[in-house]
Amino acid sequence: MRLALGVRYNGQAYQGWQSQLSGLTVQDKLEAALTQFAAQPISTLCAGRTDAGVHGLMQVVHFDTSVERTPFSWVRGTNRYLPDDIAVQWAQPVPEQFHCRASALARRYLYVLSQSPVRPSLDAGRVGWSMHPLDGDAMRAAAAMLLGQHDFSSFRASACQARSPVKDVRRIAITRHGEAERCRWHFEFEADAFLHHMIRNIMGCLVRIGRGDERPEWMREVLEARSRVVAAPTFSPNGLYFLGPLYAAGWGLPPEATMDGTGAAYDGPP
């Protein structure tokens, strides 16, 4: 039987998603909990690996098992063995042809940025930070230049293992929450797939433009250069959330994981 799970986690305490010898990753904790509950070794595949400090609102994984339990039992039973900052949200049997990564039609991320003269404290690790006021119109104009199918080599980490730097960015929405000196910015990204550090590298450029250090047209110059050295430094992982992948409705996954659904709800920092 093949089973898909939706998982949420706070990434502050972990060395990213992918399993490491240290055992201090989200995948290590999830597989240990699943193995305890199922009383047999279980290994998982995920829809999108996240870096150290990055959070997941709807990471989707799948695995094969001979253990038969109800979906709700998989949720409750696995969560019993998970730390407080990781929790399975739903479980769903899927056809053997389903692959959490290959079957995804789109992936979505959210970056939450605090604009404040003082660094974050109560929500440290859950938001990025800019001490300088940001120009939303300038950042939106720059972001519009990234829409569509492009070679995103300028925003690609040197360790990226993607076969191609060409990705199709379908949506970037930038919204401000609050009008005072202290406010929050939400940056929502949707694409067919993302390169390693792609969003954090784009964020570095957007913040530089928002501060007025570069004009919006600079984003196009960076994109067309196809060289990482011309872009801004990689931005902090603290405010980055993997909103999750989206699939065709025919797989039978919950509405928040389908193209026809509403998408995963954001319930992060206030």
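For reference, positions follow the sequence shown, starting with 1. Being a predicted model, the structure only gives us computed values, none of them experimental.
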Side chains of residues 37-60: which donor-acceptor pairs under 3.5 Å do they make with residues two or more places apart or in other chains?
{"residue": "Q40", "atom": "OE1", "partner": "T65", "partner atom": "OG1", "Å": "3.0"}
{"residue": "Q40", "atom": "NE2", "partner": "S66", "partner atom": "OG", "Å": "3.4"}
{"residue": "T44", "atom": "OG1", "partner": "E31", "partner atom": "OE2", "Å": "3.1"}
{"residue": "R49", "atom": "NH1", "partner": "Q18", "partner atom": "OE1", "Å": "2.9"}
{"residue": "T50", "atom": "OG1", "partner": "Y9", "partner atom": "OH", "Å": "2.7"}
{"residue": "D51", "atom": "OD1", "partner": "H196", "partner atom": "NE2", "Å": "3.1"}
{"residue": "D51", "atom": "OD2", "partner": "H197", "partner atom": "NE2", "Å": "3.1"}
{"residue": "H55", "atom": "ND1", "partner": "N10", "partner atom": "OD1", "Å": "3.4"}
{"residue": "H55", "atom": "ND1", "partner": "G11", "partner atom": "N", "Å": "2.8"}
{"residue": "H55", "atom": "NE2", "partner": "G125", "partner atom": "O", "Å": "2.9"}
{"residue": "H55", "atom": "NE2", "partner": "N238", "partner atom": "O", "Å": "3.2"}
{"residue": "Q59", "atom": "OE1", "partner": "A47", "partner atom": "N", "Å": "3.2"}
{"residue": "Q59", "atom": "OE1", "partner": "G48", "partner atom": "N", "Å": "3.3"}
{"residue": "Q59", "atom": "NE2", "partner": "Y9", "partner atom": "OH", "Å": "3.4"}
{"residue": "Q59", "atom": "NE2", "partner": "G48", "partner atom": "O", "Å": "2.6"}

Please check if atom [atom1] in [X] has more than 12 non-hydrogen atoms from other residues, nucleotides or ligands closer than 6.0 Å.
| X | atom1 | result |
| --- | --- | --- |
| R220 | CZ | no |
| K29 | NZ | no |
| R76 | CZ | no |
| R226 | CZ | no |

Indicate whether the side chain of [X] and that of [Y] have a donor and an acceptor atom separated by less than 3.5 Å.
| X | Y | answer |
| --- | --- | --- |
| Y14 | D28 | no |
| N201 | R228 | yes |
| T175 | R140 | no |

Are [Y] and [X] connected into the same hydrophobic cluster when the rule is that any two of I, L, V, M, F, W, Y join if their side-chain heavy atoms are below 4.5 Å apart?
| X | Y | value |
| --- | --- | --- |
| L206 | Y241 | no |
| W17 | I199 | no |
| W129 | F235 | no |

Looking only at heavy atoms, what is the nearest atom pair of [X] and [Y], with distance?
| X | Y | result |
| --- | --- | --- |
| Q12 | A124 | OE1-O, 3.1 Å |
| T78 | V88 | CG2-CG2, 3.9 Å |
| R107 | F194 | O-CE1, 3.4 Å |
| A191 | V169 | CB-CA, 3.8 Å |
| A143 | I174 | CB-CD1, 4.1 Å |
| W251 | S103 | CZ2-OG, 3.7 Å |

Using side chain to side chain contact (heavy atoms under 4.5 Å, CB included), reason through L246 and T258 one step at a time and then give a plain yes or no.
CA-CA 5 Å; L246 294 174; T258 67; 6.0 Å; no
Give a yes or no on whether the ring-centroid distance for F72 and W90 is below 6.0 angstrom.
no
Between W218 and D213, does the side chain to side chain contact (heavy atoms under 4.5 Å, CB included) criterion hold? Intermediate values first, please.
CA-CA 10 Å; W218 177 68; D213 297 336; over 6 Å; no
Run the side chain to side chain contact (heavy atoms under 4.5 Å, CB included) check on H62 and H99 step by step: do they pass?
CA-CA 7 Å; H62 82 257; H99 190 287; 3.7 Å; yes
Is the backbone N or O of L5 less than 3.5 Å from a side-chain atom of Q92, with the two atoms forming a donor-acceptor pair by type?
no
Is there a donor-acceptor pair closer than 3.5 Å between any side-chain N or O of D192 and the backbone N or O of D168?
yes
Less than 4.5 Å apart, side chain to side chain, heavy atoms only: is that true for L113 and Y111?
yes
Atom pair [atom1]/[atom2] of [X] and [Y] - distance to nearest 0.5 Å:
| X | Y | atom1 | atom2 | value |
| --- | --- | --- | --- | --- |
| M198 | S154 | CE | OG | 11.0 Å |
| M139 | R211 | CE | CZ | 11.0 Å |
| Q15 | L21 | CD | CG | 10.0 Å |

In terms of relative ring orientation, are F187 and F189 parallel, tilted or perpendicular, with 30° and 60° separating the classes?
parallel
Side chain to side chain contact (heavy atoms under 4.5 Å, CB included), that's the test. Do K167 and Q149 meet it? Break it down for me.
CA-CA 5 Å; K167 302 300 173 188; Q149 189 176 85; over 6 Å; no
Show, in sequence, the C-alpha distance, side-chain angles and deciding distance for E188 and R171, and conclude whether the salt bridge (charged side-chain N to carboxylate O under 4.0 Å, His left out) test is met.
CA-CA 8 Å; E188 298 179 51; R171 179 173 179 264; 3.3 Å; yes
Which pairs with one or both residues in residues 52-68 pass salt bridge (Lys or Arg N to Asp or Glu O under 4.0 Å), sequence neighbours excluded?
R2-D64
Could you check whether R184 pairs with D123 (Lys NZ or Arg NE/NH1/NH2 to Asp/Glu carboxylate O, under 4.0 Å)?
yes
